[in-house]
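Written below as structure tokens is the structure these notes are about.
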Amino acid sequence: MKNCILSLLVGIFGTSLSRGAVVISELDLTNNKIELVNTGSTAVDFTGWHWCNLVNGSPAYGSVTSNSTIDSGLSSAGASLTNFGAGKILVLNIGDSWLRDTQGEVGLYRDASFGSSSSIEDYVSWGVNGVRDSVAAAAGIWTDNDPIDLTGIDAGDNTVQLTVGENGNSAASYQFAAGTLGATNVPEPTTGLLGLIGVGLLARRRRA
């Protein structure tokens with residue numbers, strides 16, 4: 001009971017009001033896969049949404065719908081790039097332009113305004129200070145100059161995962177563990193204050 005109450009408090013006070021409904025919950029940097037969870041109460045259409053990884057030389061920009069393929073074996077049944085339902089999981093292959101093995105960043109944008117803090121939905125950086133981290137910091141969804149330290153990650157087995165009860169707003173929110181792509185325990189879609197609690201209760205479980 002005590003742990004449950006603590007999780008609720010983390011959900012209320014530890015989650016930024018600026019964070020969008022679509023959360024980057026796991027990165028497989030070896031196989032170029034990214035897990036997204038829709039923690040909101042409505043479906044998302046990724047038409048017009050973009051990826052951005054500016055830290056690796058030439059800017060890597062691309063639309064989510066054109067530069068992503070769905071791993072149907074790991075994603076929720078019925079989830080698509082134009083109808084990503086509430087409470088659903090999408091595991092996407094997006095290529096090493098956006099998911100470099102050792103150094104990179106990935107920003108998920110609702111449009112192509114890459115310098116706009118009102119357009120960025122979620123963000124993660126690893127191995128090196130990002131470029132778009134300042135945009136994410138302005139949106140309240142990341143800490144500037146705070147990449148995830150990959151020291152100790154076994155690229156063959158482990159993935160970068162959002163830790164249970166964390167809000168995903170800093171490197172400290174992520175951990176290395178055996179891959180659990182597609183196996184996220186997603187809270188029931190909720191709105192308002194309960195929506196904040198739901199994000200705080202985002203939990204992970206291993207495949208059986």
Side-chain angles (χ1 to χ4, degrees), residues 20-38 44-84 88-116 119-136 139 141-142 147-151 153-162 168 171 173-184 207:
V22 180
V23 173
I24 297 172
S25 52
E26 188 167 356
L27 301 171
D28 183 340
L29 301 178
T30 301
N31 298 302
N32 307 123
K33 294 185 179 184
I34 183 168
E35 179 188 84
L36 303 177
V37 180
N38 183 354
V44 171
D45 181 349
F46 282 119
T47 301
W49 288 48
H50 285 73
W51 302 114
C52 176
N53 180 351
L54 190 55
V55 77
N56 283 295
S58 300
Y61 303 130
S63 72
V64 173
T65 52
S66 299
N67 293 271
S68 311
T69 57
I70 298 174
D71 192 321
S72 58
L74 297 176
S75 300
S76 295
S80 72
L81 291 171
T82 55
N83 186 22
F84 183 25
K88 297 283 188 177
I89 305 163
L90 275 177
V91 178
L92 304 176
N93 298 283
I94 67 172
D96 60 7
S97 293
W98 293 278
L99 292 184
R100 302 295 181 94
D101 284 354
T102 58
Q103 296 182 339
E105 64 180 349
V106 61
L108 177 63
Y109 285 78
R110 292 180 288 274
D111 53 44
S113 299
F114 300 110
S116 172
S119 295
I120 193 167
E121 178 83 359
D122 206 6
Y123 174 90
V124 179
S125 68
W126 60 94
V128 65
N129 287 337
V131 178
R132 296 303 187 191
D133 56 346
S134 59
V135 179
I141 61 172
W142 194 256
I148 297 169
D149 182 359
L150 296 184
T151 302
I153 189 173
D154 179 352
D157 299 317
N158 291 346
T159 60
V160 179
Q161 302 174 18
L162 184 61
S173 292
Y174 290 82
Q175 64 177 347
F176 308 141
T180 61
L181 290 165
T184 303
R207 295 190 192 95

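Only a predicted model underlies this, so the values are computations on that prediction, with no experimental measurement involved. Index from 1, following the sequence.
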For the student: nearest non-hydrogen atoms of [X] and [Y], plus distance:
| X | Y | answer |
| --- | --- | --- |
| Gly182 | Ile89 | O-CD1, 3.7 Å |
| Ser25 | Val37 | OG-CG2, 3.2 Å |
| Pro147 | Ser125 | CA-OG, 3.4 Å |

Between the main-chain N or O of [Y] and the side-chain N or O of [X], is there a donor-acceptor pair closer than 3.5 Å?
| X | Y | answer |
| --- | --- | --- |
| Thr180 | Ala183 | no |
| Asn31 | Lys33 | no |
| Asn158 | Phe176 | no |
| Gln175 | Gln161 | no |
| Ser76 | Ala79 | no |
| Lys88 | Leu36 | no |
| Glu26 | Thr159 | no |
| Thr82 | Asp45 | no |
| Glu105 | Cys52 | no |
| Trp126 | Arg100 | yes |

| Does the side chain to side chain contact (heavy atoms under 4.5 Å, CB included) test come out yes or no for Asp122 and Val22, once each step is laid out? | CA-CA 7 Å; Asp122 206 6; Val22 180; over 6 Å; no

Worksheet entry | Close side-chain approach of Trp51 and Ser68, heavy atoms under 4.5 Å | yes

Taking the six-membered ring for Trp, are His50 and Phe114 closer than 6.0 Å centroid to centroid?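 When the ring centroids of His50 and Phe114 are compared, they turn out to be within the sub-6.0 Å range.
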
**Report entry** Of Ile34, Leu99, Leu29, the residue whose pairing with Val160 passes side-chain contact (heavy atoms from CB on, under 4.5 Å)
**Finding:**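 Looking at Ile34, Leu99, Leu29, the match for Val160 under the side-chain contact (heavy atoms from CB on, under 4.5 Å) is Leu29.
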
